[in-house]
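Note sheet for the following structure.
Numbering of ligands and ligand atoms starts at 1, following listing order. Values below: all heavy atoms of this structure, side chains included; hydrogens, waters and symmetry mates excluded.
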Amino acid sequence: MQAVTILGATGSIGVSTLDVIRRHPDRFSVFALTANKDVKRMLEQCLEFKPRYAVMADVSAAKELQQAIKAENIECEVLSGNEGLVKVASLPEVDTVMAAIVGAAGLLPSLAAAEAGKRVLLANKEALVMSGHLFMQAVRDNGAVLLPIDSEHNAIFQSMPAGYKTGTKPVSVRRILLTASGGPFRDADPKTLGAVTPEQAVAHPNWSMGRKISVDSATMMNKGLELIEACWLFDVGPDDIEVVIHRQSVIHSMVDYTDGSVLAQMGNPDMRTPIAHAMAWPERIESGVAPLDMFSVGRLDFEPPDLERFPCLRLAFEAAEAGGTASTILNAANEIAVDAFLDERLGFTMIADVIEATMNAIDFQEADSLETILSTDAKAREVALGIIENMVVN
Ligand code: NAD
Ligand code: MG
């Protein structure tokens with residue numbers, strides 16, 4: 001029996017994780033659930049899964065949940081804030097932590113799970129983009145088992161040599177082929193992108209996901225973040241990775257070996273497959289995902305990405321090459337710009353402009369301590385906000 005903590009239980013990945021858990025009551029028990037503010041959904045989840053702890057990052061949401069839980073008369077301790085998140089990610093009773101908070105907010109609890117030597121199922125790619133060096137070191141030093149949830153990285157992991165461990169250099173691998181759907185604007189006339197609305201940007205053609213990652217997919221920053229994530233997970237450089245646009249999202253990524261073999265992992269675009277894979281690894285369990293129907297897929301297309309149409313992908317390649325805090329700055333500026341876009345304070349094509357200007361405004365350093373990471377993150381957010389204000393005024 002694995003005792004599981006889900007960080008970000010009310011989000012898209014959290015809900016899919018609970019769906020897999022629901023199918024296997026003999027294998028998994030829910031130890032703790034966490035969310036930011038969504039009290040209603042958290043209460044429903046607590047009533048169904050009866051966790052020992054429920055954590056709301058937001059203090060007033062935690063108070064509200066506490067009252068609701070009291071009224072329902074169930075036994076569940078309510079905690080709040082970062083301390084609560086870190087605690088349920090690292091308590092000795094926990095075996096597995098699903099790290100599925102979106103953005104930099106997920107860093108400290110995800111890192112705490114690695115430091116406590118847990119089995120860490122990592123969806124929160126921003127944690128690795130911000131602080132890959134420290135994160136991988138925490139995994140190594142504390143004997144944590146790190147398994148990727150991001151569908152591409154999970155596919156790469158599945159296509160690696162038998163016995164492969166994340167964070168180590170794969171033997172006899174020539175290249176990693178990181179697939180991308182190209183998002184909703186892969187065929188749009190670039191001149192029309194300035195007028196894109198948040199609703200259009202979050203309408204992904206193949207996947208149903210949270211709002212931030214959906215915008216990242218539309219700008220292709222998601223692939224950029226995934227490139228950096230892959231460098232850390234598989235101990236390779238950006239030159240060892242090729243981004244391949246594959247619009248059907250049936251192949252979830254590939255590994256090219258020195259003997260010319262290319263191994264791919266395929267399946268329907270449903271996150272319950274990588275989630276079930278990582279939860280049961282090295283075994284396999286039922287996930288609820290429908291079998292892949294090759295005849296309705298019909299064909300698989302591949303094309304190179306257009307870095308002019310998608311400047312965010314170019315910026316991520318540059319950050320990956322530069323190393324150090326470059327990707328911490330990239331990530332923070334992206335979070336601020338996407339937030340402003342979703343709030344209709346910034347145009348779609350200006351997201352890349354804000355990130356580039358922020359990266360130009362701050363000197364990169366070694367990313368060798370948590371203090372440096374956190375202060376760089378804070379500084380980049382401040383700079384990006386200032387840039388957006390200036391753009392709006394002018
Ligand atoms: P989401 O927006 O649907 O859910 C985010 C979760 O994080 C929610 O439970 C929310 O309450 C919590 N949260 C948000 N802000 C928080 C804060 N400040 N403090 C504490 N908790 C907070 O996002 P999602 O689509 O589930 O994505 C989660 C992570 O998984 C992201 O890093 C994303 O890049 C990654 N990911 C998602 C998918 C997908 O299909 N959705 C695929 C691959 C990777
Ligand atoms: Mg992905």
Heavy-atom pairs closer than 4.0 Å: do any link ligand 1 to the side chain of [X], the backbone, both, or neither?
X    : value
M209 : both
S12  : both
E126 : side chain
S151 : neither

Nearest non-hydrogen protein atom, [atom]:
atom                    : value
atom 17 (C) of ligand 1 : A105 CB, 3.5 Å
atom 28 (C) of ligand 1 : A100 O, 3.4 Å
atom 4 (O) of ligand 1  : G11 CA, 3.1 Å
atom 25 (O) of ligand 1 : G210 N, 2.9 Å
atom 20 (C) of ligand 1 : A57 CB, 3.4 Å
atom 5 (C) of ligand 1  : V102 CG1, 3.7 Å
atom 9 (O) of ligand 1  : T10 OG1, 2.8 Å

Heteroatom of E226 nearest to the Mg ion (ligand 2) (N, O or S, atom name):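 Nearest N/O/S atom of E226: OE2.
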Evaluating non-hydrogen atoms only, which member of [options] is closest to [atom]?
atom                    : options                : result
atom 44 (C) of ligand 1 : N36, D150, N82         : D150
atom 42 (C) of ligand 1 : M42, R272, M271        : M271
atom 38 (C) of ligand 1 : I6, V55, I13           : I13
atom 29 (C) of ligand 1 : I101, V129, I213, L225 : I101

Residue-ligand contact G14/ligand 1, heavy atom below 4.0 Å: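 For ligand 1, residue contact (heavy atoms, under 4.0 Å) with G14 is absent.
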Ligand 1 contact by N124, heavy-atom criterion under 4.0 angstrom: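 True for this residue.
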Ionic contact status for [Y] with [X], cut-off 4.0 Å:
X    : Y    : result
E83  : K87  : no
E283 : R27  : yes
E303 : R186 : no

Heavy atoms from other residues, nucleotides or ligands near NZ of K169 exceed 12 (cutoff 6.0 Å):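 Counting neighbours around NZ of K169, more than 12 heavy atoms of other residues, nucleotides or ligands fall under 6.0 Å, so yes.
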Crowding at CG, D293 (>12 non-hydrogen neighbours, <6.0 Å):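 Yes - once you tally the heavy atoms of other residues, nucleotides and ligands closer than 6.0 Å, there are more than 12.
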Angle in degrees, rounded to 10°, that OD1 of D150 and OE1 of E152 form at the Mg ion (ligand 2):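 So the angle at the metal works out to 100°.
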Closest approach of V139 to A114 (non-hydrogen atoms, all atoms of both residues):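 Heavy-atom minimum between the residues: CG2-CB, 3.9 Å.
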Any donor-acceptor pair under 3.5 Å from T197 side chain to Q200 backbone: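 Confirmed, T197 side chain pairs with Q200 backbone.
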Check: A188 main-chain N/O paired with R309 side-chain donor or acceptor under 3.5 Å: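 Between the backbone of A188 and the side chain of R309 there is a qualifying donor-acceptor contact (under 3.5 Å).
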